[in-house]
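Everything on this sheet refers to the single structure shown next.
Chain letters run A, B, ... following the sequence lines, proteins first and then strands; every chain starts at 1. Quick caveat: nothing in here was measured; it's all calculated off a predicted structure.
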Amino acid sequence: MYALVDAVAFYASAEKVFDPSIRHKPVVVLTNNDGCICAVCPIARKLNIPKFEAFFKIKNDLKQHNVVVRSSNYELYADLSDRMMNVISRFSDEQHVYSIDEAFLKFNHDFNDWQQYGETIRRTIWRETKLPVGVGFGTTPTLAKAANHAAKKLTGFNGVAIIKTPEQAKLILKQMQLTDVWGIGAKLGKRLALLGLKNAYDLAKQDPKKMRKFHSIVLENTVKELNGITCLSWDDVREDKKEIFSTRSFGQRVTDLFSLNAALVCHADIIGRKLRQQGSTVKKLLIFAHNSQHDVAYIKRSYLYEFPVATSDSLVIANAISRLIHKIYQPQVQFYKCGLGAVELGKENATQLALFEPIKDNPQLMQCYDHINKKYGVGSAFIASSHLTQNWSMKRHYLSPQYTTKWSDIPKIIC
DNA sequence: TCTGGGGTCCTAGGACCC
DNA sequence: TCTGGGGTCCTAGGACCC
């Protein structure tokens with residue numbers, strides 16, 4: 001049995017935890033640089049606010065409806081996510097944190113009362129973090145996802161749903177649209193609808209082999225999973241990433257080499273940390289920067305660099321960036337976004353050495369570096385050249401306080 | 001005045017090599 | 001009657017997820 005525990009409109013709910021004054025108001029949260037809407041609380045959802053719409057396009061509508069707008073407060077969300085994941089981990093020995101606001105649990109035994117267990121999970125998370133979650137149980141990861149959808153969106157479930165029997169599956173899948181199924185997006189949903197399929201149950205009834213021919217093995221597996229046949233093994237679900245990207249658009253356009261370098265070194269730092277987290281090294285690194293696709297002339301500069309010896313050392317990566325920056329930089333281009341992608345990864349303990357290349361990695365230093373940042377918060381220690389200029393840092397005009405990670409922002413109770 | 005997220009995986013197609 | 005290799009690497013773009 002699998003469970004998926006997933007917060008309701010996580011970013012919006014996180015904003016409400018320490019601010020009672022907005023708890024009963026419609027709240028939306030914006031993406032980086034206040035670009036798009038990325039979280040809509042249940043109250044705001046009733047106003048039909050579209051997710052991922054550009055903020056500037058609907059700014060006036062939001063004002064008219066007195067919608068509370070917040071910039072993404074990642075310091076706060078990351079900390080609340082940690083707390084939530086900690087609580088969730090108590091309910092199973094096997095937990096996989098799938099994203100900032102959702103986690104899979106695996107159970108190797110059967111419970112008499114999954115319903116009650118789910119309610120306990122919900123209640124405990126609410127009591128300890130004040131975050132509302134939905135809990136879905138299913139015999140496969142895809143069914144757990146479906147049950148989670150039911151728990152949060154369908155009437156009569158109140159936050160917990162279970163798919164253990166074919167009857168339970170039928171009841172829920174019949175009420176789900178094709179695109180509500182994990183792995184079915186807008187495009188595929190449309191194509192499947194043309195075949196005459198109307199809901200998730202119709203999809204489950206398809207011949208898996210035919211679905212493979214129609215689209216891919218991925219769809220075949222989805223159909224099997226909807227029928228209780230596990231295809232995404234626990235290891236698949238938590239497999240190492242095959243590529244790791246760190247990209248960010250700038251708060252304001254960047255035209256100087258110095259700033260571009262600082263931003264890319266920031267990404268080098270992040271890429272290094274993510275690599276070390278999963279025990280990988282990078283062999284090939286994509287470095288890129290571009291202006292906006294909405295500009296008159298879209299200019300994209302990129303360079304694929306191959307390390308002589310694969311590395312996971314943030315400083316080695318940062319050093320490479322500084323040597324290669326001239327391959328990306330172009331005067332007069334008003335850069336809008338830049339980033340790095342580790343596109344060929346290796347395993348840390350199986351690195352191919354080079355005959356004439358000294359090893360530049362300093363694992364002890366990186367271990368110490370990670371330790372400091374884990375203990376005192378990411379950013380406590382950083383690469384100096386990434387902080388020489390921050391004039392490109394992102395726009396966050398509607399930022400709430402960092403209630404839990406910054407001394408000066410701690411909530412005050414006045415009696 | 002101007003504004004349009006970020007991450008991962010996969011594949012088609014072009015370029016190049018033998 | 002019609003047909004014309006096979007592999008690797010890279011890029012761009014599509015699709016999906018949150």
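Picking from B/dG6, B/dT3, C/dC10 the nucleotide with the shortest atom distance to the side chain of A/Leu304 gives C/dC10. Nearest nucleotide to the side chain of A/Lys337, out of B/dG6, C/dC16, B/dG5: B/dG6. When the nucleotides B/dT3, C/dC18, C/dC16 are ranked by their closest atom to the side chain of A/Glu102, C/dC18 comes out on top. Checking B/dG7, B/dG6, B/dG4 against the side-chain heavy atoms of A/Cys36 singles out B/dG4 as nearest. Looking at the side chain of A/Ser99, the nearest of the listed nucleotides B/dT8, C/dC18, B/dG6 is C/dC18. Checking B/dT8, C/dC17, C/dT11 against the side-chain heavy atoms of A/Lys145 singles out C/dC17 as nearest. Considering only side-chain atoms of A/Ala54, the nucleotide from B/dG4, C/dC16, B/dG7 that sits closest is B/dG4. Of the candidate nucleotides C/dC18, B/dG4, B/dG6, C/dC18 has the atom nearest to the side chain of A/Trp182. Nearest nucleotide to the side chain of A/Phe56, out of C/dC16, B/dT3, B/dG5: B/dT3.
For the pair A/Lys190 NZ and C/dC16 P, the interatomic distance rounds to 11 Å; values are reported in whole Å. The distance from atom NZ of A/Lys153 to atom C1' of C/dC18 is 12 Å, rounded to the nearest whole Å. Rounded to a whole Å, the OH atom of A/Tyr336 is 7 Å from the C1' atom of B/dT3. The distance between atom CD1 of A/Ile100 and atom P of C/dC17, rounded to the nearest whole Å, is 19 Å. Following rounding to the nearest Å, A/Tyr298 (OH) and B/dG4 (P) show an atom-to-atom distance of 13 Å. Nucleotide C/dG13 holds its C1' atom 9 Å from the NZ atom of A/Lys300, rounded to whole Å. Across the protein-nucleic acid pair, A/Gln334 atom CD and B/dG4 atom P stand 13 Å apart, rounded to whole Å. At whole-Å resolution of the value, CG in A/Asn60 and P in B/dT3 are 17 Å apart.
The closest donor-acceptor contact from the side chain of A/Asn291 to the backbone of A/Gln334 lies at 3.5 Å or more, if one exists at all. Between the side chain of A/Asn373 and the main chain of A/Val378, no donor-acceptor pair closer than 3.5 Å is present. In this structure, A/Gln175 contributes its side chain and A/Leu171 its backbone to a donor-acceptor pair below 3.5 Å. Judged purely by atom type and a 3.5 angstrom limit, A/Asn73 uses its side chain to pair as donor or acceptor with the backbone of A/Pro401.
Taking the six-membered ring wherever Trp is involved, the centroid distance between the rings of A/Tyr303 and A/Tyr329 does not fall below 6.0 Å. Ring centroids of A/His290 and A/Tyr298 are separated by less than 6.0 Å, placing the two rings close together.
Residue ring and base: A/Phe52 counts as stacked with B/dG5 (centre distance below 5.5 Å, interplanar angle below 30°).
Residue-level contact check: A/Ser302 touches neither bases nor backbone, having no heavy atom under 4.0 Å from any strand. Backbone-only engagement by A/Gly183 is indicated by non-hydrogen atom pairs under 4.0 Å involving sugar-phosphate atoms exclusively. Note on A/Ala39: nothing from the nucleic acid sits closer than 4.0 angstrom, heavy atoms only.
Qualifying salt bridge (charged side-chain N to carboxylate O under 4.0 Å, His left out) partners for A/Asp295, counting only residues two or more places apart in sequence or in other chains: A/Arg253.
Checking A/Arg90, A/Met84, A/Arg83 one by one against A/Glu128, the side-chain contact (heavy atoms from CB on, under 4.5 Å) holds for a single residue, A/Arg90.
Near-neighbour residues of DNA chain C inside residues 268-285 of chain A, defined by a heavy atom below 4.0 Å, number-ordered: A/Lys284.
Contact annotation: A/Asn32 reaches the phosphate of B/dG6 (side-chain N/O to OP1 or OP2, under 4.0 Å).
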